[in-house]
S.K.: 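Dropping a structure here in structure tokens format, bear with me for questions.
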Amino acid sequence: MQDESPRAEISRRGLALSRMGRILRPLMKGAAVQQNDPHITLITPSAPMTASTHGGRAKCLQRLVRLDLPVPKTVALSFDAVHRIAAGDMPNIPALLEPFGDAPLLCVRPSSEDPDWGGPGAVLNIGMNDAMYVDLCDQLGAEAAAAMYLRFVQAYAIHVARLDPDMFDDVALDGPEGLSEVLRAYEDETEEEFPQDPAVQLAEVLRSMARAWEGTTARLLRQAKGAPADAGLGLVVQEMALGMGQGECGSGVIQLVHSKTGEPQITGRYLSQSQGRDALSVGAGALFLERDPRGPSLQELAPDAFDDLIRHTGMMRQRLREEMQAEFTIENGRVHILDGVRVARTARAAVRIAISLAEDGIIPKEEALLRIEPRAMNELLHRQVDPDARRDRLARGIAASPGAASGRIVFSAAEAQASAARGEACVLVRRETSPEDIRGMHAAVAVLTERGGMTSHAAVIGRGMGLPCVVGASSLTFHTRRKTLETPDGREFRAGDVITIDGTNGEVLAGEAPMLEAAQDDAFQTLMGWADEYRDIGVRANADTPADATTARNFGAQGIGLCRTEHMFFEADRLTVMREMIFADDSQDRRAALDRLLPMQRADFAELFRIMQGQPVCIRLFDPPLHEFLPSDRAGHRELAEALDLPLSDVTRRVEALSEYNPMLGMRGVRLGITVPEIYEMQARAIFEATIEASRDGDPVVPEIMIPLVSAKREVELVKTRVDAVAVAVRNETGVKFAYRLGVMVETPRAALRAGEIATHCEFLSFGTNDLTQMTYGLSRDDAGRFMSAYVQQGVYPEDPFHMLDTEGVGELLSIGAARGREAHPNLTLSICGEHGGNPESIAFCREAGFSYVSCSPFRVPVARLAAAQLAVRDKLGYISG
Ligand code: PEP
Ligand code: MG
């Protein structure tokens, strides 16, 4: 029987290792440290060091050193030094090692400029060799020493020697025997001894980390996170503060807020006898930090160390002006802070953290506003797929409307309504949607289309309703007749199968994904309030229905900038009357049909005015081509013939007569208003009568009437004359006075160019940048999705111009229109109501151009309020805006 005492085991290990041919050589004494090398810098309070030369981690460690926190000795390598290492030009390693003494035990961590860009994983325990192992067996015990050595050999094998990680799968043992096996496996595979010289070990680790950063995959990954192509990597070499050994030793992480909510909460884990982030991955055995009914805690185990940690992280929050996560070790009861990183956070948490830092006087309000990415507000306004959830991605499309929802697949609006009636959540899957699908969209929890782009029907309506929507998912095969969806990897999904639409990321996922709820909590409200204090451009909403208007009002819109009236005619009872109007033989019959629509329109407008009481409401006169209201298939024609008591052939002939080669450039907008004047007259009357009605029991309403698709001043003159006549008639009939403002939607290039003469006939110009973009590029907004990603990928367009305003081309038309309009009419109100109104970069352009307001979908109103506030704050603080 062998003696099983630890001591005997240590000496046996020592012997065994020696027998494996390793010589326990004395360690080389290094040359003097290069204190004057700006690229290899011992981190001291005053060492010259910036995040843009040495990376965020190095800079943060210096800040911790300045706070006099117990940070182990650290040397930082600059981007330049690391770049040279990758190219084979090694620094003076003995000099680098000099501050760490004769028998160093080190770790190396990445330090990129922005920690979010990632970097190679940390390597711990550099310096472990046979001699150190024997020493540590004495100091810490064989188990701890073997665990440390083993960890290093494995990391070295995988990251430096580039051995297959699977080769360690068969090593079942830990402790000295496991170590022995791992060393043997290493040596068998490499046919070399495991390097013993810490200088060699460190040099190899530095080289492998530097090269990993320059690899193509790593570069693409970080570029996807917003890093520039030439982003640099720094490295920090730090003395190990051992989390293993005798007395209370271990490691963990701590932060003072919850990452998902941002609420104050001491969060983290601690694991005795562990290193790195083991406490997080191990799970079982890790302690809570604060006393917790669920299990033992560090507070109970080592109360003094716990108190120190709270103090240190509190100081980091106060002095680094940020919620930080600290990585720490406890060595024989003594706390070391190894690292500090910004607490990872959801958008919701980011808002609460920024607000509470400002409320605690740690950062000014302006900075709190600047710390929130406007687009991240979407996460607060809509349910989102839990970022920690596993994703079974079926396809990617265009992220047309943010938020996420899961439901059963349905392939038609009627099925969506039936599903909603059964109380079953459904996802409406269509090749593309059309106005006939509106009710199906209302019934669905999300929409997926094969075709379309950012301003296609599904996208615009989806955003307006706050309905998650992915369009242009053309990698899926849509068999709408067979009612199946086929994925690129050959899976088939049928009607009734559950999928998740992630409209924030443009992804279609299999099954029901776990969600995070929307959170417009008090922190969100505070942030919005602060944004309004700074904002200097108005924000209105594009809202067509009472539901939209209520959402817009709740989100703080300062009125409605665009009410598209055509959607009001798709309700079943109205559609038939609308069709009667379209089929009317003469003006008298047309008026008769419109007289039936009048009370409905009046009620629509009166309700909108009441909801928005005291705020402007801009109503756009009828815009789409009439054929959109007619059925497109034979069964629909038959039904219509029945409803209108007409022969089928009459109906078919009429539908054909109304069809156009290019309806978007055909008889729509003001062209319809001029040629079928009864429609606009009915709408004007409905607006005025609703104005009188709504003003009776509240603040007087001043409606705005907007003429769409104008390209010539005569169009405006004609419509204005008719609308004025209706106003006079209504005033005479009712004896009530009211005011109104007439404006023009500038959405054809000609209207922008002739804005001077157009502006003399109206009070405001609102740029409809959806059509204006379409017409400026000669690019169909409904078909652009097919090739937009290829165009953006190949750099033809820097961005989808339907998504982000093309400031060079379309923007020039806006500038010309604004300047000419203003010159002719100095009090002219200028605004934008295309989808770009909710895009932060486009808002910057409109603000620079001196527009009064932007108007966007209700759910983008908070994004626009914040984006506008940031522009004003940046100007105030002297940033270059844009
Ligand atoms: C536009 O063209 O920019 C616009 C707002 O109108 P619509 O999207 O209804 O065509
Ligand atoms: Mg338009």
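Start at 1 and go down the list; that is how both ligands and their atoms are numbered. All heavy atoms count here, side chains included; hydrogens, waters and symmetry mates do not. Along the sequence shown, residues carry numbers from 1.
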S.K.: Indicate whether the side chain of Ser587 and that of Glu678 have a donor and an acceptor atom separated by less than 3.5 Å.
M.R.: yes
S.K.: Hey, which of Phe767, Phe764, Phe845 is the one that makes ring pair (Phe, Tyr, Trp, His ring centres under 6.0 Å) with Phe851?
M.R.: Phe767
S.K.: Apply side-chain contact (heavy atoms from CB on, under 4.5 Å) to the pair Cys833 and Met706, showing each step before the final yes or no.
M.R.: CA-CA 11 Å; Cys833 63; Met706 182 155 73; 4.2 Å; yes
S.K.: Below 4.0 Å, non-hydrogen atoms only: which portion of Leu772 touches ligand 1? Side chain, backbone, both or neither.
M.R.: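 It is neither part, as no heavy atom is under 4.0 Å.
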S.K.: Got the closest protein heavy atom to atom 6 (O) of ligand 1, with its distance?
M.R.: Arg620 NH1, 3.0 Å
S.K.: Can you check side chain to side chain donor-acceptor pair (under 3.5 Å) on His627 and Ser659, steps first, answer last?
M.R.: CA-CA 6 Å; His627 78 87; Ser659 82; over 6 Å; no
S.K.: For ligand 1, which atoms sit closer than 4.0 Å to a heavy atom of Leu562?
M.R.: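 Counting atoms of ligand 1 from 1, those under 4.0 Å from Leu562 are 5 (C).
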S.K.: Just by distance, no angles: are the side chains of Ser831 and Ser766 close enough, under 3.5 Å, to form a donor-acceptor pair?
M.R.: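 Yes, side-chain donor-acceptor contact under 3.5 Å.
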S.K.: One pair to check against side-chain contact (heavy atoms from CB on, under 4.5 Å): Arg439 and Phe570. What are the steps and the verdict?
M.R.: CA-CA 9 Å; Arg439 276 180 297 150; Phe570 280 100; over 6 Å; no
S.K.: Looking at Glu763 and Lys720, is there a salt bridge between them, counting it only when a charged N and a carboxylate O are closer than 4.0 Å?
M.R.: no
S.K.: Which residue from Met775, Arg781, Arg564, Glu747 reaches closest to atom 10 (O) of ligand 1 through any of its heavy atoms?
M.R.: Arg781
S.K.: Taking the Mg ion (ligand 2) as the centre, how many protein N/O/S atoms fall inside a distance shorter than 2.8 Å?
M.R.: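 Protein heteroatoms (N, O, S) closer than 2.8 Å to the Mg ion (ligand 2) number 2.
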S.K.: Answer yes or no: is there a side-chain heavy-atom contact under 4.5 Å between Glu835 and Thr769?
M.R.: no
S.K.: Distance under 4.0 Å to a non-hydrogen atom of Thr769: what atoms of ligand 1 satisfy this?
M.R.: 3 (O)
S.K.: Looking only at protein heavy atoms, which one is nearest to atom 1 (C) of ligand 1, and how far off is it?
M.R.: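 That would be Asn770 CB, 3.3 Å.
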S.K.: I need the atoms of ligand 1 closer than 4.0 Å to a non-hydrogen atom of Gly834, numbered in the order shown.
M.R.: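 This gives 3 (O), 5 (C) as the contact atoms.
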S.K.: Between Glu607 and Arg610, is the closest basic N to carboxylate O distance under 4.0 Å?
M.R.: no
S.K.: Select the closest option to atom 5 (C) of ligand 1 among His836, His567, Met745, Glu835, judged by heavy-atom distance.
M.R.: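 It is Met745 whose heavy atom sits nearest to atom 5 (C) of ligand 1.
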S.K.: So that I can tick it off, tell me whether Arg540 and Glu704 are bridged by a salt bridge, with the cut-off set at under 4.0 angstrom between side-chain N and carboxylate O.
M.R.: yes
